[in-house]
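One structure is given below, encoded as C-alpha cells.
All figures in this text were calculated on a predicted structure; none of them were measured in a lab. Read the numbers this way: they start at 1 and go in the same order the structure lists the ligands and their atoms.
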Amino acid sequence: MNNPFSLVGKTILVTGASSGIGKAIAIECSKLGACLVITGRDERRLHATWELLEGKGHVEVAGDLTMEEEVEELLNLLPELDGIVHVAGVGQSIPFPYISKEKLDSMFSVNFFAPVLLSQKMIKKRKLRKGASIVFISSIDGPVTAHIGNAIYSSTKAALTGMAKNMAVDLASKRIRVNCVLPGMVETPLIHQGSISEEQLDQDKLSYPLKRYARPEEVAYAVIYFLSDASSFTTGANLVVDGGFTLL
Ligand SMILES: NC(=O)c1ccc[n+]([C@@H]2O[C@H](COP(=O)([O-])OP(=O)(O)OC[C@H]3O[C@@H](n4cnc5c(N)ncnc54)[C@H](OP(=O)(O)O)[C@@H]3O)[C@@H](O)[C@H]2O)c1
C-alpha cells in the first residue's frame, strides 16, 4: 500500500534519544521502517530506548554533544544518513537579572551550537545523502511566546529557527531540506525538573484549548512528516504542535 509517510529504507540519527521526545521519535520512526542511530549521554537509558526499537540494525552511540572528541567519535561511526533529528536540549529557568555569559554559554552550547555544528560537520564529511532531511526541535517559547525566567532558553530556540531557515536556503542546492518543530509543553522529565510545582503545571494545562500537554509521540508524528517523502516540497518551515496554545 502506498504510504508517503513511510521511512522504509531511510537511515536516521536522533539525538537526545535517551529520554522524552527523542526516545518517542526514535521508537515511532522505527515503527515506520527507519534504521536508527540513536545518541544520548546516559548509556543505561539510551540502551533502554534501543531495546524498544522495532526492526533490526539500529545503532546506539552514547556521548556528550558538547564534547568535541565525543562528537568526532559519533561522526566516525555514522553511516550515510537520510535524516537527522536534533532533539538533545536542556532548559533552566533564569530570570533576566541573573543571566551571565557563563549561563548563556552553557545553554547555547547544548541547544544551539551542538546541533548546528554537528549538521555542518556531517555535510563537510558527506554523511548526508541527496534528499536528506534535517529537523530541529525548537519550541513555541522564543519563536512565538515568552515565559518568565525563560530568556536564555527562549533565545536558544529562536536562534535555531533563524538558523534553520537560512540552512534551508543554503542547502537547497544539495537537495537537503531543513525544518523545525515547535512544541508547546510536552509530558517529559524536562518539565518536572524546574521550580514549577505539579499544581502549577495542572493549572497551566487548563490554558491550552485542548486542556492538556502533548504526549511525546504527538511531537514524533510531526517530525516523521518532515523526515518522510510526504514533505518533499517543504523546507524552512516551522510546525507548531501546541494544542492551540498560541491561538489565544
Ligand atoms: N518537554 C517540553 O515541554 C518541550 C517543549 C518544547 C521543546 N522541547 C525541546 O525538546 C527537546 C527534548 O526535550 P525533552 O522534554 O524530551 O527533555 P528530556 O526528557 O530532558 O531529554 C533531553 C535529552 O537531551 C539529552 N541531552 C541533554 N544534554 C545533552 C548533551 N550535552 N549531550 C547529549 N545529549 C544531551 C539528554 O540526554 P541524557 O538524559 O542521556 O543526559 C536527553 O536525551 C529539547 O530540545 C527541549 O528543549 C521540550
Heavy atoms only, cut-off 4.0 Å: how does [X] contact ligand 1, side chain, backbone, both, or neither?
X: Val110; value: side chain
X: Glu187; value: neither
X: Ile21; value: both
X: Ser138; value: backbone

Can you tell me the protein heavy atom closest to [atom] and the distance?
atom: atom 14 (P) of ligand 1; answer: Thr188 OG1, 3.5 Å
atom: atom 5 (C) of ligand 1; answer: Gly184 O, 3.1 Å
atom: atom 38 (P) of ligand 1; answer: Ser18 OG, 3.3 Å
atom: atom 26 (N) of ligand 1; answer: Ala88 CB, 3.8 Å
atom: atom 11 (C) of ligand 1; answer: Val87 O, 3.0 Å
atom: atom 2 (C) of ligand 1; answer: Val186 N, 3.6 Å
atom: atom 41 (O) of ligand 1; answer: Arg41 NE, 2.7 Å
atom: atom 18 (P) of ligand 1; answer: Ser19 OG, 3.5 Å

**Asked** What residue among Lys205, Arg215, Arg212 forms salt bridge (Lys or Arg N to Asp or Glu O under 4.0 Å) with Glu187?
**Response**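 Considering Lys205, Arg215, Arg212, a salt bridge (Lys or Arg N to Asp or Glu O under 4.0 Å) with Glu187 is found only for Lys205.
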
Pair [X]-[Y], side-chain donor/acceptor within less than 3.5 Å:
X: Asn179; Y: Tyr225; value: no
X: Asp105; Y: Ser109; value: no
X: Ser30; Y: His58; value: no

Hey, which atoms in ligand 1 end up nearer than 4.0 Å to a heavy atom of [X]?
X: Arg45; result: 38 (P), 39 (O)
X: Tyr153; result: 6 (C), 7 (C), 8 (N), 9 (C), 46 (C), 47 (O)
X: Ile191; result: 1 (N), 2 (C), 3 (O)

**Request:** Could you pull out all residues at least two apart from Ser231 that satisfy side-chain hydrogen bond (donor to acceptor under 3.5 Å, both in side chains)?
**Result:**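 Expected list: Arg177.
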
**Asked** Can you name the residues that form a side-chain hydrogen bond (donor to acceptor under 3.5 Å, both in side chains) with Ser155, not counting sequence neighbours?
**Response**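 side-chain hydrogen bond (donor to acceptor under 3.5 Å, both in side chains) list for Ser155, sorted by chain: empty.
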
**Prompt:** If you measure from CG on Leu36 to CD on Glu60, what distance do you get to the nearest 0.5 Å?
**Reply:**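 The CG atom of Leu36 sits 11.5 Å away from the CD atom of Glu60.
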
**Message:** With a 4.0 Å cut-off on N to O distance, would you call Arg129 and Glu80 a salt bridge?
**Reply:**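 Yes, charged N to carboxylate O under 4.0 Å.
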
**Item:** Leu206 CG: over 12 foreign heavy atoms closer than 6.0 Å
**Value:**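 Atom CG in Leu206 is packed in, count exceeds 12.
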
Is the closest heavy atom of [X] to ligand 1 under 4.0 Å?
X: Pro189; value: yes
X: Tyr213; value: no
X: Ala62; value: no
X: Gly63; value: yes
X: Ser109; value: no

**Prompt:** Looking only at non-hydrogen atoms, which of Leu190, Asp141, Asp64 approaches atom 30 (C) of ligand 1 most closely?
**Reply:**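 Among Leu190, Asp141, Asp64, the closest heavy atom to atom 30 (C) of ligand 1 belongs to Asp64.
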
**Item:** Closest to atom 10 (O) of ligand 1 among Val85, Val241, Leu65, Ile137 (heavy-atom distance)
**Value:**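 Looking at heavy atoms only, Ile137 sits closest to atom 10 (O) of ligand 1.
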
Are [X] and [Y] side-chain neighbours, meaning at least one heavy-atom pair lies under 4.5 Å?
X: Gln92; Y: Ile152; result: no
X: Ile134; Y: Leu171; result: yes
X: Asn111; Y: Leu160; result: no

**Asked** With under 30° as parallel and over 60° as perpendicular, where do the rings of Phe108 and Phe113 fit, or are they tilted in between?
**Response**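 Because their plane-to-plane angle lies in the 30° to 60° range, the rings of Phe108 and Phe113 count as tilted.
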
**Pro183, any N or O under 3.5 Å of ligand 1 N or O** =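 No - when backbone and side-chain N and O of Pro183 are compared with those of ligand 1, no distance drops under 3.5 Å.
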
**Prompt:** So, is Thr66 polar-close to ligand 1, with some N/O to N/O distance under 3.5 Å?
**Reply:**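 Such a contact does not occur with ligand 1.
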
